[in-house]
Undergrad: 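To start, I am sharing the structure in question, which I have written as structure tokens.
In what follows, every chain begins at residue 1, and chains take the letters A, B, ... in the order their sequences are listed.
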Protein chains: 2
Amino acid sequence: MGLTYQRPFSVPFYESDRFKNMKISNILAFALQVSGEQSVELNRSDVWLNDHYKLFWAVTEYELEINRLPRFMEDITIETEATSYNKFFCYRDFRFIAENGELLLTIHASWVLMGLESRKVERVHDDIVAPYAADKSSKIQRSHKFKKELLNPEVTSYPVRFSDLDMNGHVNNAKYYDWAADMIDYDFRASHQPKKVYIKYNHEVRYGETVEALFEMDMDGLTSHHKLNGNATEIEIEWTKNNDE
Amino acid sequence: MGLTYQRPFSVPFYESDRFKNMKISNILAFALQVSGEQSVELNRSDVWLNDHYKLFWAVTEYELEINRLPRFMEDITIETEATSYNKFFCYRDFRFIAENGELLLTIHASWVLMGLESRKVERVHDDIVAPYAADKSSKIQRSHKFKKELLNPEVTSYPVRFSDLDMNGHVNNAKYYDWAADMIDYDFRASHQPKKVYIKYNHEVRYGETVEALFEMDMDGLTSHHKLNGNATEIEIEWTKNNDE
């Protein structure tokens with residue numbers, strides 16, 4: 001296993017949702033921030049990666065296991081660790097931990113290195129990842145199997161707005177969860193929590209596009225399937241009723 | 001003048017816009033966070049205010065004077081100070097300061113105390129505000145005069161989404177700036193910075209509503225006028241060309 005990096009965090013008002021839970025989109029955004037901090041500490045910052053290899057990191061997949069969402073004003077610790085890597089993928093975990101040591105949630109993230117000019121996935125060089133002390137492995141982890149086709153989905157359009165963009169010039173990764181979950185009925189959101197979240201990014205979306213979002217709830221009434229712009233981003237959320245362990 | 005409260009901050013990736021500037025909506029959200037921290041420190045937290053008076057704070061107006069926006073990863077200090085108050089209004093300033101002491105921007109904010117049950121503006125009790133050591137004054141500061149009517153505005157609709165809400169159950173204050181500025185042409189955003197921003201909140205907006213947003217650029221081509229849901233929120237932005245002091 002790799003080196004761990006930790007930092008404390010207190011959930012602010014503006015990252016809390018209607019029901020005082022930390023927003024999933026902010027959980028993802030902050031996790032990215034924390035891994036960036038570890039990279040700076042290990043002298044492998046985005047600037048370094050750009051200057052030395054003309055590469056940048058991109059997340060291809062997230063898997064969240066949520067025991068309980070962090071609450072407004074709760075003091076938590078976020079821990080991250082690059083767990084392993086192979087020719088093309090690097091795997092990193094994030095753990096959100098309560099003050100009493102309780103594990104609130106885990107994020108498993110898969111990353112690739114993209115060429116700044118080629119805009120294609122490039123090979124992982126040992127020199128880039130060595131400082132994280134992750135295990136080298138020939139094993140490529142299997143992706144989550146998303147539902148191939150939604151049979152009778154609800155459809156919404158989201159025009160991409162300036163405020164949706166990050167400095168890479170495309171829609172910020174964290175935005176897609178909001179677009180997906182915003183299609184779900186308010187009363188359902190009030191009475192349910194996400195327990196597992198799978199997100200797969202296949203293509204970026206840029207300013208000027210309008211995202212067509214499809215959503216369908218499973219027959220079980222507890223699994224929502226989402227497709228944004230065809231298969232550009234696929235999301236699956238397993239929900240659990242509040243106070244129903 | 002009142003007691004000041006300071007805290008350091010580093011601008012994260014996900015609060016930076018397409019052009020690596022800290023997003024105005026995040027500037028406003030974070031300022032609110034910092035004043036909340038001061039209130040906790042002075043034993044006048046939102047919880048205290050609720051328990052003792054069944055009141056809560058609401059911002060009615062912002063005025064931003066921007067010399068330069070904080071940049072991605074920039075280390076800054078945010079300072080806040082309750083400057084004065086009268087029968088109904090409390091005034092508070094925020095200063096965003098660069099590492100070299102340069103004043104990046106100032107926010108002047110007007111606040112009222114609202115009754116949790118009455119949903120009306122209530123009188124300011126000395127007991128609530130005394131710890132901040134702001135000046136008591138009979139003078140009610142004049143509001144900015146917004147353009148009364150937009151003659152030939154562009155119109156857009158924003159359905160209120162779950163992710164737009166905060167834990168008060170209405171659209172988060174910071175959201176309106178994004179809705180307003182998102183109507184402005186991308187190339188204009190790329191070549192201009194906001195220099196002054198005036199925001200006035202007259203009515204809250206709730207889930208299920210669709211916000212009708214009006215926008216018109218002044219004849220000078222450098223002042224944008226925005227009205228959201230009639231006069232629910234009024235915004236005026238003075239822009240300046242990049243590298244054009």
Undergrad: Is Y186(B) close to chain A through its backbone or its side chain, or both, or neither, when contacts mean heavy atoms under 4.5 Å?
TA: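 For Y186(B), heavy atoms of backbone and side chain both lie under 4.5 Å from chain A.
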Undergrad: Do other residues, nucleotides or ligands put more than 12 heavy atoms under 6.0 Å from the CE atom of M114(B)?
TA: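 Enclosed.
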Undergrad: Heavy-atom distance under 4.5 Å to chain A: side chain of E15(B), backbone, both or neither?
TA: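 Only the side chain of E15(B) comes within 4.5 Å of chain A.
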Undergrad: Nearest 0.5 Å, please: how far is CE in M167(A) from OH in Y14(B)?
TA: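 These two atoms lie 12.0 Å from each other.
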Undergrad: Below 4.5 Å from any heavy atom of chain A, which atoms of N172(B) appear? Answer side chain, backbone, both or neither.
TA: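 Contact with chain A: side chain only.
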Undergrad: Let me know if K20(B) has heavy atoms under 4.5 Å from chain A in its side chain, its backbone, both or neither.
TA: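 Contact with chain A involves both backbone and side-chain atoms of K20(B).
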Undergrad: Closer than 3.5 angstrom, by distance alone: can the side chain of D178(A) be matched with the main-chain N or O of S163(B) as a donor-acceptor pair?
TA: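 Checking the backbone N and O of S163(B) against the side chain of D178(A), no donor-acceptor pair under 3.5 Å is found.
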Undergrad: Please round to the nearest 0.5 Å and tell me the distance separating atom CZ of F19(B) and atom CG of L165(A).
TA: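 With rounding to 0.5 Å, CZ (F19(B)) is 8.5 Å from CG (L165(A)).
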Undergrad: Would one find more than 12 heavy atoms of other residues, nucleotides or ligands at under 6.0 Å from atom CE of M217(A)?
TA: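 Enclosed.
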Undergrad: Looking at every non-hydrogen atom in both residues, tell me the closest pair between Y207(A) and I184(B) and how far apart they are.
TA: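 Minimum heavy-atom separation between Y207(A) and I184(B): OH-O, 4.5 Å.
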Undergrad: With side chains defined as the heavy atoms from C-beta onward, is the minimum distance between D166(B) and F13(A) less than 4.5 Å?
TA: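 Yes - at least one pair of side-chain heavy atoms lies under 4.5 Å apart.
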Undergrad: Counting only non-hydrogen atoms closer than 4.5 Å, does Y177(A) touch chain B with its backbone (N, CA, C, O), its side chain (CB onward), both, or neither?
TA: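 It is neither, since no heavy atom gets under 4.5 Å.
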Undergrad: Is R18(B) close to chain A through its backbone or its side chain, or both, or neither, when contacts mean heavy atoms under 4.5 Å?
TA: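 Both backbone and side chain.
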Undergrad: Can you tell me how far the CZ atom of F162(A) sits from the NZ atom of K23(B), to the nearest 0.5 Å?
TA: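 Nearest 0.5 Å value for the CZ-NZ distance: 8.5 Å.
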Undergrad: D182(A) and R161(B): which non-hydrogen atoms are nearest, and at how many Å?
TA: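 Closest pair (atom of D182(A), atom of R161(B), distance): OD2-CB, 3.2 Å.
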